[in-house]
Number of protein chains: 2
Amino acid sequence: MKQGSDLQTLVGYRVQQANLLMETDARAALGDFDLSPAKMTALILIRDNPGCDQTALGRALSINRSSAMKLVNILADKGLVERRPGRDLRTNALALLPEGARQLETMLAAVRQSDARMTQRLSADELATLHGLLVRLGPASAAPDDDS
Amino acid sequence: MKQGSDLQTLVGYRVQQANLLMETDARAALGDFDLSPAKMTALILIRDNPGCDQTALGRALSINRSSAMKLVNILADKGLVERRPGRDLRTNALALLPEGARQLETMLAAVRQSDARMTQRLSADELATLHGLLVRLGPASAAPDDDS
DNA sequence: TATTGTTATACTCTATAACTATA
DNA sequence: TATAGTTATAGAGTATAACAATA
């Protein structure tokens, strides 16, 4: 199956292919946990931002409130995460439970191994270069950190 | 929302974030056409591989026969693509219709513009480097082109 | 036996819209 | 008025399992 120059020259296509490759392997590495890479990301975010609310979690994951709700339901049903009273009577404060912390460590080990395997043909310098280039993708004025 | 080092150090996470950025913009650029970037990719593949069958198309898109079927249905319903008799009585030969070729050209212009905008902070050399690095992602022996 | 297309069905992920409670 | 959570509903995209026709 030929992939003409139209696809090859689109950076977006290249990135998509790379993402498919990486995500498929990470998903397989998480096979035992019945959790997708995105759900593992959610656990990491909750662990590193204890007490955050669902809307903030959704924003960090680029999904909306309603989708974040479903996600938290799944993690809570599995006993990995808990909703606690928040700063408001409106907001929840999300917390990673001990069982969630345990499972997350094991998942992270598996995903790190997958990540290392999929990047093993690149040197540390090359990985740093890749990182630096990926971070610079985006429209002209991507407001690196506008705290005005 | 803090993103601790666990996420930052995973290449897969970086690539996923980059893909989200690129795909979102490409999707917006295609807004007038009611076609996703993936469907545009399918049109390109059919154009560049006239007479290919649905299974081959699916393989190139990393989806299975059944999903490829649905995809071709949508493209055919829009009058962009046609199923013609194939080399077998089992297989279809997919063909891009004139209307599909016309629309594809316009879509490509829009997506190329999006791609250029999202990569404008990288020089031509840097884009070549990025391309070279992304292509080398994958497991050790990714069988570049095993025609044995 | 193996393969292609097809169909029915279901699952995952996400979104929109509307509602409630709170601010 | 605005925001957080919630619920119901819907859509896109994908997969599995089965079947018929053909190879």
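Note on naming: letters A, B, ... go to the chains in the order of the sequence lines (proteins, then strands), and numbering restarts at 1 for each one.
- Residues meeting the side-chain contact (heavy atoms from CB on, under 4.5 Å) test with A:Arg65, sequence neighbours left out: A:Thr55.
- Taking atom CZ of residue B:Arg59 and atom P of nucleotide D:dA15, one finds them 14 Å apart after rounding to whole Å.
- In the region residues 21-53 of chain B, proximity to DNA chain C at under 4.0 angstrom, judged on heavy atoms, holds for B:Asp53.
- Counting only residues at least two apart or on different chains, the side-chain hydrogen bond (donor to acceptor under 3.5 Å, both in side chains) pairs with a member in residues 24-33 of chain A are A:Glu23-A:Arg27, A:Asp25-A:Ser114, A:Asp25-A:Arg117.
- When rounded to the nearest whole Å, the span between CG of B:Leu75 and C1' of D:dA12 equals 14 Å.
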List the atom pairs, donor and acceptor, that lie under 3.5 Å between side-chain atoms in residues 34-45 of chain B and the rest of the protein, sequence neighbours left out.
{"from": "B:Asp34", "atom 1": "OD2", "to": "B:Lys78", "atom 2": "NZ", "distance (Å)": "3.0"}
{"from": "B:Ser36", "atom 1": "OG", "to": "B:Lys39", "atom 2": "N", "distance (Å)": "3.3"}
{"from": "B:Thr41", "atom 1": "OG1", "to": "B:Pro37", "atom 2": "O", "distance (Å)": "3.1"}

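- If you measure from atom CD1 of B:Ile74 to atom C1' of D:dG13, you get 9 Å, rounded to the nearest angstrom.
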Sugar-phosphate or base contact per nucleotide [nucleotides 15-23 of chain C; S, B, -; heavy atom under 4.0 Å]: BB-B--BBS
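- In terms of heavy atoms, B:Ala76 sits closest to B:Arg83 at CB-NH1, 4.5 Å.
- Shown here for B:Val111 and B:Ala26, the closest heavy-atom pair between the two residues is CG2-O, 4.5 Å.
- A straight line from CG of A:Leu71 to P of C:dT12 spans 13 Å, rounded to a whole angstrom.
- Between B:Gln16 atom CD and C:dC13 atom P the separation is 13 Å, expressed in whole Å.
- Between the CG atom of A:Leu20 and the P atom of D:dT14 there is a distance of 10 Å, given to the nearest Å.
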Please tabulate, for the side chains in residues 95-102 of chain A, all donor-acceptor contacts under 3.5 angstrom to protein atoms that are two or more places apart in sequence or on a different chain.
{"from": "A:Glu99", "atom 1": "OE1", "to": "A:Arg102", "atom 2": "NE", "distance (Å)": "3.2"}
{"from": "A:Glu99", "atom 1": "OE1", "to": "A:Arg102", "atom 2": "NH2", "distance (Å)": "3.0"}
{"from": "A:Glu99", "atom 1": "OE2", "to": "A:Gln103", "atom 2": "NE2", "distance (Å)": "3.0"}

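- Annotation: A:Gln113, atom CD; neighbour count of heavy atoms from other residues, nucleotides and ligands within 6.0 Å does not exceed 12.
- With rounding to whole Å, B:Met69 atom CE is found 9 Å from C:dG5 atom P.
- At a threshold of 4.5 Å between non-hydrogen side-chain atoms, the residues A:Glu126 and A:Arg121 do not count as touching.
- Looking at A:Asp53 and A:Arg90, no side-chain N of the basic residue comes within less than 4.0 Å of a carboxylate O on the acidic one, giving no salt bridge.
- Rounded to an integer number of Å, the gap from CG of A:Leu61 to C1' of C:dC13 is 12 Å.
- Close to C:dT3, at under 4.0 Å from its OP1 or OP2, lies no side-chain N or O of B:Thr91.
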